[in-house]
There are 2 protein chains.
Amino acid sequence: MKQKITLKHIAKELDVSISTVSKALKNSEEISRDTKEKIQAFAKLYNYKPNNIAISLKNKRTKNIGVIIPDIVHHFFTTVIRGVEKFANSKGYNVIVCLSDESFDKEVINMEMLANGSIDGFIMSLSSGTQEKNDYNHLKEVTEQGIPLVLFDRITNQVECDKVVIDDKMGAYLATKKLIDQGRRHIALITTKNYLSVSKARAEGYLKALADNGLPVNEDIILKMPSMNIADEDLLKSFFQESKVDAVLCVNEIFAISAMRIAKQLGVTIPEDVCFIGFTDGLLSKYANPSLTAIAQHGERMGEISAQMLIEKIESENEEESYKTEILEPTLIERDSTIN
Amino acid sequence: MKQKITLKHIAKELDVSISTVSKALKNSEEISRDTKEKIQAFAKLYNYKPNNIAISLKNKRTKNIGVIIPDIVHHFFTTVIRGVEKFANSKGYNVIVCLSDESFDKEVINMEMLANGSIDGFIMSLSSGTQEKNDYNHLKEVTEQGIPLVLFDRITNQVECDKVVIDDKMGAYLATKKLIDQGRRHIALITTKNYLSVSKARAEGYLKALADNGLPVNEDIILKMPSMNIADEDLLKSFFQESKVDAVLCVNEIFAISAMRIAKQLGVTIPEDVCFIGFTDGLLSKYANPSLTAIAQHGERMGEISAQMLIEKIESENEEESYKTEILEPTLIERDSTIN
DNA sequence: TATTAACACGAAACCGTTTTCGTGAATGGC
DNA sequence: GCCATTCACGAAAACGGTTTCGTGTTAATA
């Protein structure tokens, strides 16, 4: 096992001072050409690489960014991470990923772990626990310390920082409008409990589209699922048996896929009898049968933009506090679960 | 913006030395009770937290582990990360995730970035580029420096280190055996080019099952897809038109789902006419129509074990080089794409 | 020849901790 | 009242770099 070589080793070996070695390796003008060549050759031979930790301590810059997300086994979040990674790596940053597991406590613990020098800034999406509890002190503490923070997708207006979202309301509006234009009049909404910011915005878009087109709101066909990661199949079954609907908008893929399956079992033909549109254009939508028309959330783009905003803040000299909210436009990806 | 407080600040403020503060906060016996209480109260008031970077430099321990995977928008890898996160976090470690994007060069760059002090050890799965190139010098360099390394799933026997895999050969054997037991005689294998270690192992299991049951190998029904992330649909179509098969084993979910779709389009009924089994029991398998019988790879467990092995190596005192290979048993998850 | 400037390098501080060792003061024993 | 402990704390080195400033040597200038 060969030990990592340090400046001190090189200095001792070549009988010069540590500062000379440091400067020589940076090609400083101060050092004579002979000495530089000698030192550089030696360093290369022994594959010298400066120690990141020491540099971080000196510069007070880690070149790490912390990403805290609720869940990683989730297509949307992984695409965001990919976007973050891509941009961050191109700027020489590493990405530390922490999972809050939808829990407020874990979110706090993770932030505290990273906030003590491990990272230069945060990119995060709020856990449902945090949104439910409505407590954002851990975020405020971090921003007060001057650590840049970018919130994406699941955000709050109670914290001042940069934000990146897609226009969820518009997405739901687009989808609902599409269904209305196809002549659908009894459009169901399958969503979660209301504390998630995105669910709320999507419901608003749905309601606005109905209102703009003179359609009544029927509370009986707005179905709220108890969990967000899995659909309650019994609930869906009784729903489709009892309610007469000709279209369904779901706030996520899982709900949409499950709903389609149950509907098919009950003899419904898709899209003729009932059309389906889901949020989050992931693998499931693409490979569903019939394939699912979906609102694309552009996760990778979101990740890239988040990383870009964060790194700009990190590397900007001035202290002026100005925060932007970037709003991405959702896209309707038409597939076989709607007509045309 | 309140600056982070350091030992030095506390020391100056309370008019004691830095070492006294450090000891007091560690509840050292050396310091009098009065002084300790005073210092601890002050530290708590100003929410003092030691700087991780400084501690890392001092201890030569970062409490970070680096995970390098080929792709993150991939169910299996995300489950592994979740497992790693879970175990690592419970031991106070953070996880730095890097994506090699299936590229040898990126894998090398990522390793070098992290190997200079940023992490205490690596967990990784080889990129296809690396396996194709068959060059593992970057791994060897890292292990020679004494940095612990755990390889999972996509491994190589050319590097001495701890490894975690599932028994891919056994998985394929199990699946093929299952199909044979159901009376299937013309069992196709849909796989990738052979350089991926896992594909190779799975092909072996398939062949062994055929041989053990006296069935001939028909090269015409072993289909090799050009890409591993997406199925070539034209290839699949002509395959199902030309070959008469009564069962299909696929080395991943995407291939299986795509194959089922094409088959259905050609009038095949599943599972009566043709049975399907896929590798990687992910969301697609679960939500497919019909749902897909699959070989579960237990990604999360793999992640946990990898993290455990790595952290044991990191924290073990002795230098003795002994490496284990942990082999997990795959499980057949029966669903509607096979009979029973 | 004396002064000065350029050159090439080293000493030391610094980043924020931990930890070893030393030391002055208070206490105890005789 | 003297010596040896114990107590409570500080000084300083160390981790591995970067950077400012100082300095001895040489060469150019007056």
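Computation of the quantities below employed the complete heavy-atom set of this structure, encompassing side-chain atoms and omitting hydrogens, waters and symmetry-equivalent molecules.
When the ring pair (Phe, Tyr, Trp, His ring centres under 6.0 Å) test is applied to A:His9, no partner is found at least two apart in sequence or on another chain. Here A:Asp101 pairs with A:Lys106 under the salt bridge (Lys or Arg N to Asp or Glu O under 4.0 Å) rule; sequence neighbours left out. A:Glu326 is linked by a side chain to side chain contact (heavy atoms under 4.5 Å, CB included) to A:Val164, A:Ile305, A:Met309, A:Leu328, counting only residues two or more places apart in sequence or in another chain. Contacts of A:Lys49 classified as side-chain hydrogen bond (donor to acceptor under 3.5 Å, both in side chains), with partners at least two apart in sequence or in another chain: A:Asn47. For A:Arg82, the salt bridge (Lys or Arg N to Asp or Glu O under 4.0 Å) test picks out A:Glu300, B:Asp71, with sequence neighbours left out. Legend: residues meeting salt bridge (Lys or Arg N to Asp or Glu O under 4.0 Å) with B:Lys324, ordered by chain and number and at least two apart, are absent. Judged as a side-chain hydrogen bond (donor to acceptor under 3.5 Å, both in side chains), and not counting sequence neighbours, the contacts of B:Glu30 are B:Lys23. Taking B:Ser56 as the reference, A:Ile53, B:Thr62 meet the side chain to side chain contact (heavy atoms under 4.5 Å, CB included) condition, with sequence neighbours excluded. Taking B:Lys4 as the reference, nothing meets the salt bridge (Lys or Arg N to Asp or Glu O under 4.0 Å) condition, with sequence neighbours excluded.
Heavy-atom nearest nucleotides on DNA chain C were determined for A:Asp15 and for B:Tyr48, and the one closer to the 5' end corresponds to A:Asp15. Residue whose closest nucleotide on DNA chain D sits further toward the 5' end, between A:Glu30 and A:Ile5: A:Ile5.
The stretch residues 55-65 of chain A touches DNA chain C through A:Leu57, A:Lys58, A:Lys60, each having a heavy atom under 4.0 angstrom from the strand. Contacts between residues 16-24 of chain A and DNA chain C, defined by a heavy-atom separation below 4.0 Å, involve A:Val16, A:Ser17, A:Ser19, A:Thr20, A:Lys23, listed by number.
Note that the first and last nucleotides of DNA chain C, 5' to 3', having any atom under 4.0 angstrom from a heavy atom of chain B are C:dC15 to C:dC21.
A close approach under 4.0 Å does not occur between any side-chain nitrogen or oxygen of B:Ser32 and OP1 or OP2 of D:dC7.
Atom NZ in B:Lys26 sits roughly 20 Å away from atom P in D:dA8 (whole-Å rounding). Put simply, CD on B:Glu29 is 13 Å from P on D:dC9, counting in whole angstrom units. The nearest whole Å value for the distance from the CZ atom in B:Arg33 to the C1' atom in D:dA8 is 15 Å. Atom P of nucleotide D:dA8 and atom CG of B:Leu14 are separated by 18 Å, given to the nearest angstrom.
With contacts defined as side-chain heavy-atom distances shorter than 4.5 Å, the pair B:Val150/B:Phe122 does not qualify.
If you check the side chains of B:Glu102 and B:Ser128, you find a donor sitting under 3.5 Å from an acceptor.
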